[in-house]
Amino acid sequence: MHKVVLKAGREKSLLRRHPWVFSGAVARIDGKASFGDTAHVVANDGGFLALAAVNPDANISARVWDWNETTQINTAFFHRRLETAIGMRRTLFPRKPDEAERLVHGESDGLPGLIVDRYADVVVLQISSAGCHRWREAIIASLQQLTSARALYERSDADVLELEGLTARAGLVRGELETPVVHIMESGVHLQVDVAKGHKTGFYLDQRDNRLQVGELAAGRDVLNCFSYTGGFTLQALAHGAASVTSVDSSAEALQLGREHVRMNAFAEDRCEWVDADVFQYLRKLRDQDRQFDLIILDPPKFAPTAATAERAARGYKDINLLAFKLLRPGGLLATFSCSGGVPADLFRKIVAGAALDANVDAQVVNQFHSTPDHPVLLAFPEGEYLKGLLCRIN
Ligand code: SAH
């Protein structure tokens, strides 16, 4: 068995069951361990710590499969892990066949570098680690068996792949798909998901429950949905009787799909405005035009993937939150989110507090948001808790 030997004193995070081994903690990698091989991670004194997949050239040198020395890493192992992940959702959060859900959430489901999303009867997988790349065929075979999907589509084309030394790979891997646009239902609304060209695996499933909760507050209100993508929040707001919804995004294709969604659901098109713009600039324009809203949603992309980029990200969050507070009518609500792993929840709250202060408003937090629960967070892996949100009300 290959061995990853840690430097003296660097076993602490593994003893706490954190599943990553950073290259800085590694003294040497014994044997001829190459990309994706299974190895024993051992302390400097040789004591066993974990079974892991090796990636000798990456910043994360090894990702843990299991903490038990006797576990066999083979096709049956992957089948069991996938069965457990899918079974947990079936028991705790059953979803209808025409809905969408996350079936596998990487490290938090014991499968580092694997994301699996189900869009109705189409399953999309994303592999972003050397270890899952090595076991790709076994994973695909098990997924087909466990989900009985009409089609399996691969979207291993995220930016993070490069860090791991993987080349992008996307396309149909099993079954048939006459069009990559899949119809799903979400909390009663019709949606289309382009599994070939959509962001991530096609849609932002982590916000599903938050879209519903925020939408339920929209009745009779003028809503501004910033970073709308294909209109997930917009549609829930319309479904719950919003007076008007202005949706802003810089992706013309996303906005086009958003407009189609309004028609598909037979919502009033004259209550909707779709704006192709940079949110940072457009918020200033709205301010200069003295426009006002009763409910504003800010769901920006990841400004800070890592802690190192947190400071620049903080300035971005402060800017849009400050402008949004200023555009609210008295009694207005701001649903503000951050999906930056590098910005923890307490820092995000401080940034939003600073924005309220500078906007000269008194704001109360009336609710807090997290990822929808089919995106579990392994307690030993706080990085899994990347999405956080606050619902603020101003007087
Ligand atoms: N709220 C959406 C997901 C938003 S993802 C949902 O529930 O589905 C972030 C979106 O921000 C993407 O659609 C991206 O196109 C858009 N975006 C990124 N930077 C932007 C900018 N500076 N101005 C406007 N839109 C931007």
Side-chain angles (χ1 to χ4, degrees), residues 99-102 117 119 124 158-159 182 184-187 189-195 197-218 223-240 242 245-262 265 272-286 295-305 309 312-313 315-321 323-324 334-341 343 369-372 374-375 386-391:
E99 293 180 317
E101 62 182 327
R102 173 146 299 187
D117 289 335
Y119 297 107
V124 183
D159 297 344
V182 182
I184 61 162
M185 295 300 293
E186 179 181 281
S187 312
V189 306
H190 297 269
L191 282 164
Q192 288 189 306
V193 176
D194 187 334
V195 299
K197 290 203 227 96
H199 296 180
K200 304 221 259 182
T201 63
F203 197 49
Y204 293 88
L205 290 180
D206 50 0
Q207 288 282 33
R208 184 189 58 224
D209 290 3
N210 301 335
R211 283 190 282 263
L212 177 60
Q213 277 194 60
V214 173
E216 283 171 344
L217 300 165
V223 180
L224 173 63
N225 180 13
C226 297
F227 308 96
S228 66
Y229 191 48
T230 58
F233 281 99
T234 301
L235 296 166
Q236 287 304 329
L238 292 166
H240 291 89
V245 187
T246 302
S247 312
V248 191
D249 202 280
S250 56
S251 160
E253 301 89 67
L255 293 170
Q256 189 50 39
L257 204 45
R259 284 191 197 94
E260 273 179 45
H261 284 154
V262 173
N265 287 281
C272 302
E273 192 184 349
W274 297 91
V275 184
D276 184 348
D278 175 78
V279 165
F280 290 83
Q281 289 168 13
Y282 192 69
L283 288 172
R284 289 181 164 75
K285 194 167 165 188
L286 291 170
L295 170 60
I296 299 180
I297 299 142
L298 294 176
D299 183 23
K302 209 182 329 182
F303 289 158
T309 45
R312 231 193 71 215
R315 282 199 295 276
Y317 288 123
K318 171 90 179 271
D319 190 44
I320 54 175
N321 280 278
L323 288 159
L334 171 63
T336 180
F337 296 91
S338 161
C339 60
S340 295
V343 176
F369 304 108
H370 307 278
S371 305
T372 293
D374 54 16
H375 295 57
Y386 60 96
L387 180 67
K388 54 262 159 201
L390 298 170
L391 181 67

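One-based numbering, in listed order, for ligands and for the atoms of each.
A salt bridge is absent between Arg284 and Asp278; no separation between the charged side-chain nitrogens and carboxylate oxygens falls under 4.0 Å. For Glu186 and Arg211, the salt-bridge test passes: some basic side-chain N is under 4.0 Å from an acidic carboxylate O. Salt-bridge annotation for Asp374 and Arg208: present, with a side-chain N of the basic residue lying under 4.0 Å from a carboxylate O of the acidic one.
Short contacts between ligand 1 and Ala277, defined as distances under 4.0 Å to a heavy atom of the residue, involve ligand atoms 23 (N), 24 (C). Listed by number with element, the atoms of ligand 1 under 4.0 angstrom from any heavy atom of His199 are 12 (C), 13 (O), 14 (C), 15 (O). Within ligand 1, the atoms closer than 4.0 Å to a non-hydrogen atom of Asp299 are 1 (N), 2 (C), 3 (C), 4 (C), 7 (O), 9 (C), numbered from 1 in the order shown. Atoms of ligand 1 lying under 4.0 Å from at least one heavy atom of Ser251, given by number and element, are 15 (O). Close contacts of ligand 1 with Arg211, meaning ligand atoms under 4.0 Å from a residue heavy atom, involve 6 (C), 7 (O), 8 (O).
For Ser250, heavy-atom contacts with ligand 1 shorter than 4.0 Å involve the backbone as well as the side chain. At a heavy-atom cutoff of 4.0 Å, ligand 1 is contacted by no atom of Cys226, backbone or side chain.
Residue Phe227 has at least one nitrogen or oxygen atom sitting less than 3.5 Å from a nitrogen or oxygen atom of ligand 1, judged on distance alone. Note: an N/O pair closer than 3.5 Å links Asp249 and ligand 1 by distance alone. The shortest N/O to N/O separation between Val279 and ligand 1 falls below 3.5 Å.
Not a single heavy atom of Ala254 sits less than 4.0 Å from an atom of ligand 1.
Of the protein's non-hydrogen atoms, the one nearest atom 22 (N) of ligand 1 is Asp278 OD1, 2.7 Å.
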Exercise. Show your working on side-chain hydrogen bond (donor to acceptor under 3.5 Å, both in side chains) between Arg259 and Gln256 and close with a plain yes or no.
Key: CA-CA 5 Å; Arg259 284 191 197 94; Gln256 189 50 39; 3.1 Å; yes
Exercise. Test side-chain hydrogen bond (donor to acceptor under 3.5 Å, both in side chains) on Thr234 and Ser228 and set out the steps.
Key: CA-CA 7 Å; Thr234 301; Ser228 66; 5.3 Å; no
Practice problem: Could you please spell out the steps behind the side-chain hydrogen bond (donor to acceptor under 3.5 Å, both in side chains) verdict for Thr336 and Tyr317? | Solution: CA-CA 9 Å; Thr336 180; Tyr317 288 123; over 6 Å; no
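Proximity of Val279 to Pro300: side-chain heavy atoms (C-beta onward) are nowhere separated by under 4.5 Å.
If you check the side chains of Asp206 and Tyr386, you find a donor sitting under 3.5 Å from an acceptor.
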